[in-house]
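What follows is a short report on a single structure.
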Amino acid sequence: MSWYDQAIIYQIYPKSFQDTNDDGIGDLQGIIKHLGYIKDMGFNTIWLNPIFVSPQVDNGYDVSNYFAIDPILGDTNDFSEMMTKAHELGLHIILDLPINHTSDQHPWFQDAVNDPHSIFRDYYIWHSEIDGHEPNNWGSFFGGSVWEKNPRNPDEYYFHLFDKKMPDLNWKNPEVQKSVADIAKFWLEKGVDGFRLDAFIHIAKANFEQDSLDSSTKFPIDDKFYAKLPAVKDYMSGFVKEIKAFKPDVFLFGEASSAKARDAAEYTRPDEHVCDVVVNSDNYGEVYDDSNPDIPKFFQDRKLSLEMLKQTYVTWESILDHVSLPTLTWGNHDISRVLDRLNLPVHDDKITKLLAMMLFLQRGIPVIYYGEEIGMHGLKYQKVADFSDQRAVDLISNLRQKGFTDKQILRLLNNQDEMTARGPMQWDSTQYRGFSKEKPWNWALVDSNNVDQEIADPDSIMNFYRELLKIKKHDCFTSGDYRLLITDSNIYAYQRKTADKQGIVIANFSDQKTEFTLPKTVWRKVLTNESSEVEDGVVKLGPWGCCALESN
Ligand code: NOJ
């Protein structure tokens with residue numbers, strides 16, 4: 001058993017957590033200020049979105065220097081102070097490590113562009129033009145082609161899966177694998193406990209000569225050419241072996257947005273040397289409203305399907321059983337906050353508590369996005385022009401052309417755009433919510449509770465989360481087997497079992513009262529989101545009620 005088998009992860013978007021130097025941008029000192037809060041809430045691990053030097057084209061995922069902290073966030077002294085204080089409190093720190101690409105400002109890329117004989121040429125992926133245009137029709141995740149012209153040689157292109165200012169590294173080159181391992185070891189020496197391996201499933205690419213057959217758009221996104229190719233495992237294994245040899249208990253948390261349970265099992269098998277757990281972005285049990293073909297999937301309205309959620313978790317829990325732990329999450333910085341995404345009522349705390357209990361007591365590692373523990377909602381921008389991220393800009397222009405009003409577009413953006421999820425942490429009720437004295441870098445109104453209010457209210461979401469995370473640490477909810485129980489369609493119920501202890505969780509996903517008959521044994525109620533009663537082995541739950549019980 002490793003320390004991370006009991007990890008309860010708090011994801012912090014450093015630019016939006018706490019500003020301490022009044023520039024409207026969060027910083028490492030802000031994180032240090034709240035380490036006590038994080039510990040007290042019951043988290044034991046912190047994942048920080050990227051903090052390395054970056055031109056911030058993609059909020060830190062475009063790194064120009066992996067060996068230093070971006071000055072907007074602090075410096076090496078702040079980093080050391082954060083590590084020391086976190087470790088004193090028993091908190092582990094995981095850094096986000098973009099390994100698929102660098103910034104175009106990175107010295108490797110600059111040298112490769114400026115010197116045709118550079119030793120870093122082969123660190124990137126180049127291709128000559130074909131008949132005066134891009135080598136193929138593959139589409140980038142950030143729009144347009146994956147190919148961009150070499151600024152110094154217009155006959156040649158470089159490859160970028162994300163923004164054109166984020167050239168992909170050539171993982172075929174062993175020097176690249178070694179250089180990335182050196183970066184990891186540098187931070188491990190500074191005490192870091194693990195890494196989120198950003199976009200690792202994309203490090204291998206197919207034959208560039210093969211065009212995509214998808215003719216629906218000029219540059220189609222076609223995963224089969226650049227996601228989950230067999231060579232990913234080959235490229236990763238040397239790198240992973242090297243850093244595991246350097247620090248055997250390093251936690252490798254692989255980001256694979258499109259991974260299915262079987263992919264996750266493949267990557268986390270202990271003999272594969274890829275990663276310890278996989279986090280994907282598709283386990284939310286959502287059904288999309290695809291009735292209007294003009295609206296791209298990412299922005300479509302969605303609602304929770306309990307049936308789908310059940311299928312998803314039975315699949316993940318079964319396939320990963322005896323392989324690795326699933327990650328349990330309602331969202332992250334790449335998707336709007338769960339309460340907005342699913343159009344859930346703003347001030348019905350019961351539902352927020354139910355979502356937390358239902359998910360986090362399952363077998364797996366909870367990954368909780370900052371603010372979720374107070375039921376934080378996303379930012380509500382006032383006009384479409386307030387959105388500046390590329391995906392939003394493209395949506396606005398496309399939908400305007402198709403006759404949508406700005407009001408219609410604004411609704412879609414406020415419900416689904418990722419920037420709404422990256423707003424300042426709501427600490428108190430002052431003008432900028434205790435995040436900063438200055439206007440935050442990403443700012444709009446948000447209808448949310450704040451930490452101050454919630455601390456004072458014994459029935460708050462925050463106090464519920466604190467209790468829930470205590471219970472998560474009980475043996476049965478950490479290491480017990482998981483079994484979904486067959487119930488009425490509105491109930492999600494599961495049992496967790498170790499050799500001598502068991503737990504059960506029942507969640508009523510409806511606004512009607514309901515009852516649930518417990519398996520025969522003596523049960524003790526440990527947490528509920530409203531007054532539920534247990535009488536003669538039957539749990540009586542009100543609308544959206546949930547209840548956890550234990551027995552030993
Ligand atoms: C996944 C990250 O979560 C996302 O924010 C980023 O844009 C891409 N990887 C590229 O690094």
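Just follow the structure's listing: the first ligand is 1, and inside any ligand the first atom is 1.
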>> Return the CZ to CG distance between F299 and D394, rounded to the nearest 0.5 Å.
In response: 9.0 Å
>> Any atom of ligand 1 sitting under 4.0 Å from a heavy atom of F142?
In response: yes
> For atom 3 (O) of ligand 1, what is the nearest protein heavy atom, given as residue, atom name and distance?
Replying inline: D334 OD2, 2.5 Å
> Among protein heavy atoms, which lies nearest atom 8 (C) of ligand 1, and at what distance?
Replying inline: F162 CE2, 3.7 Å
> Counting only heavy atoms not in K380, do more than 12 fall under 6.0 Å of its NZ?
Replying inline: yes
>> Show me which atoms of ligand 1 lie under 4.0 Å from any heavy atom of E255.
In response: 1 (C)
>> What protein heavy atom lies closest to atom 9 (N) of ligand 1? Include the residue and the distance to one decimal.
In response: D198 OD1, 2.8 Å
> So K260 and D263, salt bridge (Lys or Arg N to Asp or Glu O under 4.0 Å) or not? Walk me through it.
Replying inline: CA-CA 5 Å; K260 303 287 174 234; D263 304 317; over 6 Å; no
> Salt bridge between R391 and D334, side-chain N to carboxylate O under 4.0 Å?
Replying inline: no
> Less than 4.5 Å apart, any side-chain heavy atom of V180 and any of W171?
Replying inline: yes
> How close do Y124 and D168 get, heavy atom to heavy atom, and via which atoms?
Replying inline: CD2-O, 3.4 Å
>> Against ligand 1, does H202 come closer than 4.0 Å with any heavy atom?
In response: no
> Who's the nearest protein heavy-atom neighbour of atom 7 (O) of ligand 1, and how far?
Replying inline: D58 OD2, 2.6 Å
> Does H101 reach ligand 1, in the sense of a heavy atom lying below 4.0 Å from it?
Replying inline: yes
